[in-house]
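Written out below as structure tokens is the structure these notes cover.
Computed from heavy atoms alone, side chains included, the values below leave out hydrogens, waters and symmetry copies. These figures come from a predicted structure and were not determined experimentally. Every chain is numbered from 1, with letters handed out A, B, ... down the list of sequences.
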Number of protein chains: 2
Amino acid sequence: MTDAEYVSIWMRPERPARGPKPAYSRAQITDAAVRIADAEGLEAATMRRIADEIGAGTMSLYRYVPGRDDLVELMADRVMGEIDVEGMPSGDWRADLTRYAYGVRTMWRRHPWIATVHRAVPSFGPNRLRLIERVMGTLDTHVSIDENLGLMAVLNGYVEGAARDEVSWAEEVRRSGLSETDWMVRSGPYVNQLLESGEYPIFSKIVMEASGPHLHRDDRFRYGLERVLDCIAAALPAPVESPVAANREGREDRDG
Amino acid sequence: MTDAEYVSIWMRPERPARGPKPAYSRAQITDAAVRIADAEGLEAATMRRIADEIGAGTMSLYRYVPGRDDLVELMADRVMGEIDVEGMPSGDWRADLTRYAYGVRTMWRRHPWIATVHRAVPSFGPNRLRLIERVMGTLDTHVSIDENLGLMAVLNGYVEGAARDEVSWAEEVRRSGLSETDWMVRSGPYVNQLLESGEYPIFSKIVMEASGPHLHRDDRFRYGLERVLDCIAAALPAPVESPVAANREGREDRDG
DNA sequence: CCAAAACCGAGTACAAGGTACCCAGTGGAG
DNA sequence: CTCCACTGGGTACCTTGTACTCGGTTTTGG
């Protein structure tokens with residue numbers, strides 16, 4: 001293996017000092033790859049395809065990127081940069097985290113392939129670091145780093161999980177090459193079989209609810225997010241001057 | 001495209017009625033695949049490797065499974081069956097959900113490759129259905145299906161997100177082929193560079209906390225889980241006769 | 001009991017995709 | 001001007017999924 005000469009993609013300089021001017025750039029390659037993945041899925045972003053997209057030879061990409069895995073890592077960090085966390089922490093943690101949550105969701109919907117990137121978690125690119133500083137910074141003055149990590153796991157878990165759910169369905173439909181309607185028609189027989197067996201009452205409820213007048217996806221996301229934020233509020237030491245955090249016993253606070 | 005003759009893997013009968021006795025079985029193939037993936041990662045579970053494992057010819061597998069994607073789907077549902085939800089709902093929703101959460105975590109740690117399976121979300125195998133019935137059943141009598149889905153998104157998001165975090169690191173280490181220590185040594189230079197730049201105070205706190213006397217992974221998981229369960233408790237209509245649900249204003253209830 | 005049909009396991013072969021290796025051209029350093 | 005590190009990119013190889021095919025076996029129809 002290339003153990004000895006391994007360097008993280010984030011430390012590896014884009015280009016050596018000497019030599020001719022390069023014709024392309026990491027950013028250009030990453031952008032092209034993201035564009036393809038957005039339109040046709042991550043598996044369509046092959047080295048050959050990306051090279052074609054920018055008019056380069058396939059192997060030329062390897063002058064800029066050690067391999068495809070690292071390129072995907074670059075792509076992941078690149079799209080994390082689209083999440084707007086400017087001005088955080090602002091002092092209003094609830095507003096900050098709400099904005100962050102919607103930012104993540106928007107980004108996932110724009111780049112569904114992000115659900116299939118595994119190395120995103122262990123990777124610390126510049127944009128990921130910025131998110132950590134800004135977002136965890138909003139709670140940093142209120143709780144210990146331990147608690148902060150715990151609460152962030154709850155928030156991130158929910159937001160990414162919800163986004164992953166939405167996006168996974170859409171990707172499955174796209175992969176099938178069918179229209180959304182045709183796709184549902186195709187899965188109809190199996191779902192019907194489950195419904196008619198009578199063994200899955202809860203599943204049936206879910207299906208029925210989905211076909212009746214139901215909470216829109218946005219409302220559902222908002223509902224869960226509010227529950228998570230309430231959860232964080234409850235874990236915070238003392239409400240200093242936030243007039244929002246006073247509703248915690250009833251449950252008539254359904255939103256929508 | 002095989003659009004016309006598409007049938008979900010869950011509807012497709014394992015074998016036709018007629019013909020000679022089959023030498024293998026779907027379960028046998030799935031088990032072998034899971035065994036390989038556990039030990040060497042999902043990418044090591046190639047059709048050839050799986051066939052070798054059970055002593056079959058590569059192409060023989062296609063008599064039992066339409067293709068690799070479907071096999072992975074079978075694998076995913078197979079390991080979901082390891083999550084013990086027997087006797088749920090028991091009446092004590094908090095105990096049920098706690099058991100479920102730890103069950104999921106244990107399963108993920110046993111089968112880290114599950115983090116890389118994308119079709120798991122849109123797929124409804126028998127074991128996934130069982131989980132839905134049992135686990136969502138614990139809240140079904142207390143809240144609407146809408147709220148139940150929302151609260152489950154919070155719980156599942158947290159549990160899977162936390163598991164994914166733990167597992168992603170481990171997988172990254174495994175993929176590198178290095179020991180955990182060597183792996184950390186290898187990423188040392190980059191982390192040090194970040195630390196010394198002084199631009200990432202929160203990140204530095206995380207690193208410092210991780211190397212000092214810190215919350216063990218188990219304690220951290222438990223902390224987040226308790227926050228989520230508190231969040232669910234707060235969203236429930238009215239504590240009927242649960243003596244546990246009475247602590248919701250202070251925060252001296254840190255556990256561990 | 002026999003012939004045909006259906007199904008079995010498995011080998012051969014091909015298309016994609018990542019990438020090691022190689023080569024000729026180029027432009028900055030001396 | 002000379003040199004050589006570096007460039008873009010072509011060729012070729014390995015791995016992996018899987019379509020096709022075939023000879024043998026089991027079941028069915030008579």
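- Atom pair A/I50:CD1 and D/dG9:C1' shows a separation of 16 Å (rounding to whole Å applied).
- Taking a cutoff of 4.0 Å between a charged side-chain nitrogen and a carboxylate oxygen, B/D84 and B/R99 qualify as a salt bridge.
- The CE-P distance, from A/M59 to C/dG17, rounds to 15 Å in whole Å.
- Cation-pi geometry between A/R105 and A/Y102 is not met: the NZ or CZ atom fails to fall both under 6.0 Å from the ring centre and inside 45° of the normal.
- Proximity of A/R68 to the phosphate of C/dG18: a side-chain N or O atom is located under 4.0 Å from OP1 or OP2.
- For the pair B/I54 CD1 and C/dA10 P, the interatomic distance rounds to 9 Å; values are reported in whole Å.
- For the OP1/OP2 pair of C/dG9 and a distance below 4.0 Å, the side-chain nitrogens and oxygens of B/Y64 include at least one atom meeting the criterion.
- For the pair A/N127 (side chain) and A/D77 (backbone), a donor-acceptor distance under 3.5 Å is present.
- One atom, CZ of B/R49, and another, C1' of D/dT16, lie 14 Å apart when rounded to the nearest Å.
- For the pair B/G67 and B/R63, nearest-nucleotide mapping onto DNA chain D gives the more 5' position to B/G67.
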(request) With ring pair (Phe, Tyr, Trp, His ring centres under 6.0 Å) as the test, would you mind laying out the steps for A/Y200 and B/F124 before giving the verdict? (result) CA-CA 12 Å; A/Y200 307 104; B/F124 288 103; 9.9 Å; no
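- A/A56 comes within 4.0 angstrom of the backbone, heavy atoms only, and of no base.
- The interatomic distance linking B/E43 (CD) with D/dT16 (P) rounds to 10 Å, in whole Å.
- Look at A/T58 and you won't find any side-chain N or O under 4.0 angstrom from OP1 or OP2 of D/dG9.
- Atom CZ in B/R175 sits roughly 14 Å away from atom P in C/dG18 (whole-Å rounding).
- Checking C/dG9, D/dG8, D/dG17 against the side-chain heavy atoms of A/A23 singles out D/dG8 as nearest.
- Distances shorter than 4.0 Å separate some side-chain N or O of A/S60 from OP1 or OP2 on D/dG9.
- A/Y62 has its OH atom 13 Å from the C1' atom of D/dG9, to the nearest Å.
- Using cut-offs of 30° and 60° for the angle between ring planes, the A/H118 and B/H118 rings count as parallel.
- Atom CG of A/L61 and atom P of D/dT7 are 13 Å apart (whole Å).
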